[in-house]
Every structure is written in C-alpha cells, then in structure tokens.
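Below is one structure; the comments refer to it alone.
First listed ligand is number 1; within each ligand, the first listed atom is number 1.
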Amino acid sequence: MRFHDKAVIVTGGSKGIGAGCAKVFCEEGGLAAILARGRETGERYAAELTARGPGRAIFFQCDVSQPEQLTAAIDRAAEEFGRLDCIINNAGWHPPATRIEDTSLEDLDRLIRLNFTSTFLGCRHALPHLRKTKGTIINMSSMVGILGQDQAVAYCSTKAAQIGLTKALAVELGPEGIRVNAILPGNVDTPMMHEWAATLPDPKSALQRVAALQVFGRMATSEEIGRIALFLASDDASFLTGQAIQAEGGASLDY
Ligand SMILES: NC(=O)c1ccc[n+]([C@@H]2O[C@H](COP(=O)([O-])OP(=O)(O)OC[C@H]3O[C@@H](n4cnc5c(N)ncnc54)[C@H](OP(=O)(O)O)[C@@H]3O)[C@@H](O)[C@H]2O)c1
C-alpha cells in the first residue's frame, strides 16, 4: 500500500501505459484520476479499477491538447480527492512513419501541442496542488527522445523536449522538495503499438521484430511501466529527481 489514500492524475489513463499506471496506483490504495477523450472507455475502466480496489478511480473527459480542458480537469480531480500527490503526464501519440519533407508545420505544431505543451501545462497547473503535499511529477517520454528513430523527427523532438523540461524543472522545484522525473519506455505492448503495426504490410511480423529488440525477447507490459512510475512517486525514490529512467528491457545494449 505504497500510495494509500494519496491521489494521482494520469493523463491518457484509459488505455495502454497510462492504464497500467492507474491500475498499479489503485492496487496500492491510491486515488486515480483518469484523463482521456473517450468517455465510454474511460468510465468503464475507472469503474473496473474501483470495483477491484483497494483504491478507486474516477474518469474526467479531457483533450490534453486543449489547455482549458486540461487545466479544468486537473482542478476538478484535485478538488474531488481533496489533494494531489502526483501527476503523470502520459497522454501522447506517435504518428505513422513520415519523412521530414512530408511533415508540415501544422502537423508539427499539433504534435508539439499534444505531446509536449500538454506536459508543460500539466506540470505548471498541477504545481499549486503538488506544493501542498510535496508531491511528484512524472513525464512519459520515450527512448527515441535520446536514440532517435527513422522517419519520426516530429515525435522524437517532442519526446526530447519532455526530457529537457523534466531536468530544468527538477532544478527549479528541488528546493521545494518537489521531484520531477521522466520515464523513457522502449517498446511497450499497448493499443498504440498495435495501431502502428497495423499501418505496415505485415503487422504480425512487425510486432515480433519489435519484441525481439529487447534482451528478454518481449515488449514491456503497461503494468511494468506503471510499477516504475509507482517507485518514482513513492518515498523509495526520495533522492531521485531530474532523471530520465530508461525502461527499455536492454534494447539499447550490445550494439
Ligand atoms: N507504447 C510504446 O511502446 C511507447 C514507447 C515509448 C513512449 N510511449 C509514450 O507513452 C505514452 C502512452 O503511449 P501508449 O502506447 O500507452 O498509447 P495508447 O495505447 O494510444 O494510449 C493513449 C492514451 O492516451 C489517451 N489520449 C490520446 N490522445 C489524447 C488527448 N489528446 N487528450 C487526452 N487523452 C489522450 C488515450 O485515450 P483517448 O484516445 O480516449 O483520448 C489513451 O488513454 C505516450 O506519450 C507515448 O509517446 C509509448
């Protein structure tokens, strides 16, 4: 019960990695606010987590790329639980493979708004609530933010920007006892991963190829990333801040 009666906001908490985070925090007695666009999936998942206990979850409909929606949802969640101990800025999207010449400025702006600006605003708007609890911030970046990836300049740029934000903010908030860390997942078995595979001619072999990249011969589960987030949010990580935790199952080893 490492998060008993403490409150977390998980953007994109209705599916994939965010859903794994919400599940792990609820299993530890936490109160999870799930923010996403799809109401039906979000409400169903929040009800499922609450029924399973011992923590509970509530869904708040919100498009994180719309600043007013994100700030309103953060305030409603903090009000509902009466406190906020952690925000996990996780909602994001990986567009299909696109070369730089085919990446329009409009597409770039949209992706920055979804993957990066929402992370910035999530940090900024959660801050008054986190100050009261000496809470923590976790930003869901990606290994490709430091490794690069073919035909993904826009995505990799947004993920690298999240790392810069994490480190700078950790310096700024350290004196107040607020820790800021990023998780850089490698390949995680999520709906987004399957949507990406479906854009390729042979989705099944694409997923097998991706699984084989890790030294374990498999992708991470969303819950495994959730357990890293729980560690970062707990007092066990009390001396960790500004870190970019590479959760990649050894995929970058043995080059
Ligand atoms: N999967 C991987 O291998 C991997 C690797 C490295 C990093 N990541 C990062 O991890 C994060 C989650 O990825 P995932 O694979 O779990 O994705 P996913 O399976 O597509 O799940 C995304 C979640 O975010 C929500 N979401 C998407 N756009 C949103 C928006 N505009 N406003 C609010 N919620 C939104 C989705 O719900 P709705 O659609 O209902 O809004 C869903 O709950 C992303 O930031 C991604 O870059 C993933």
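- Within 6.0 Å of atom CZ in Arg218, more than 12 heavy atoms from other residues, nucleotides or ligands are found, so the atom counts as buried in its surroundings.
- The protein non-hydrogen atom at the shortest distance from atom 7 (C) of ligand 1 is Ser141 O, 3.2 Å.
- Rounding to the nearest 0.5 angstrom, the gap separating the OG1 atom in Thr190 from the NZ atom in Lys15 is 10.0 Å.
- Not a single heavy atom of His94 lies less than 4.0 angstrom from ligand 1.
- Between the Asn181 side chain and the Gly242 main chain, a donor and an acceptor come within less than 3.5 Å of each other.
- Atoms of ligand 1 lying under 4.0 Å from any heavy atom of Gly38, numbered from 1 in the order shown and given with element: 38 (P), 40 (O), 41 (O).
- Asn139 and Thr166 share a side-chain donor-acceptor pair at under 3.5 Å.
- Protein heavy atom nearest atom 25 (C) of ligand 1, with residue, atom name and distance: Gly12 CA, 3.5 Å.
- Here the protein heavy atom with the shortest distance to atom 3 (O) of ligand 1 is Val188 N, 2.8 Å.
- The nearest pair of heavy atoms linking Phe3 to Ala233 is CE1-CB, 4.1 Å.
- By heavy-atom distance, the residue among Tyr155, Trp93, Tyr45, Phe59 lying nearest atom 46 (C) of ligand 1 is Tyr155.
- Atom CD of Glu79 has 12 or fewer heavy atoms from other residues, nucleotides or ligands within 6.0 Å.
- Shortest contact from atom 34 (N) of ligand 1 to any protein heavy atom: Ala36 CA, 3.5 Å.
- Geometrically, ligand 1 and Met143 share no nitrogen or oxygen pair separated by less than 3.5 Å.
- Atom numbering of ligand 1 starts at 1 in the shown order; those under 4.0 Å from a heavy atom of Gly92 are 44 (C), 45 (O).
- Judged by distance alone, with hydrogens and angles left aside, the side-chain atoms of Ser141 form no donor-acceptor pair with the main-chain N or O of Leu184 at under 3.5 Å.
- Remark: minimum distance from atom 35 (C) of ligand 1 to any protein heavy atom is reached at Ala91 CB, 3.8 Å.
- Here the shortest heavy-atom distance to atom 48 (C) of ligand 1, taken over Leu114, Ile34, Ile88, Ile17, belongs to Ile17.
- The shortest N or O to N or O distance between Lys15 and ligand 1 is under 3.5 Å.
- Side chain of Gln243 to main chain of Thr241: a donor-acceptor pair is present (N/O by atom type, distance under 3.5 Å, no hydrogens or angles).
- Here is the list of ligand 1 atoms found below 4.0 Å of a heavy atom in Asn187: 3 (O).
- Within ligand 1, the atoms closer than 4.0 Å to a non-hydrogen atom of Ser14 are 37 (O), 42 (C), 43 (O), numbered from 1 in the order shown.
- At a 4.0 Å cut-off, at least one heavy atom of Gly186 sits close enough to ligand 1 to count as contact.
- The protein heavy atom nearest to atom 19 (O) of ligand 1 is Met192 N, 3.1 Å.
- The two residues Ala36 and Phe59 make their nearest non-hydrogen contact at O-CZ, 3.4 Å.
- Of all protein heavy atoms, the one closest to atom 32 (N) of ligand 1 is Val64 N, 2.9 Å.
- Near Asp63, meaning under 4.0 Å from any of its heavy atoms, are these atoms of ligand 1: 30 (C), 31 (N), 32 (N).
- The contact set between ligand 1 and Met193, taken as ligand atoms under 4.0 Å from a residue heavy atom, comprises 3 (O).
- Contact between Cys123 and Leu169 at its shortest, heavy atoms only, is CB-CD2, 3.6 Å.
- Scanning the protein for heavy atoms near atom 28 (N) of ligand 1, the closest one is Arg37 NH2, 3.3 Å.
- Taking a cut-off of under 4.0 Å to the non-hydrogen atoms of Gly16, the atoms of ligand 1 that pass are 16 (O), 19 (O).
- Residue Cys62 approaches ligand 1 through these ligand atoms, each under 4.0 Å from one of its heavy atoms: 32 (N), 33 (C).
- Looking at Asp189, Asn90, Leu184, Thr190, it is Thr190 that brings a heavy atom closest to atom 14 (P) of ligand 1.
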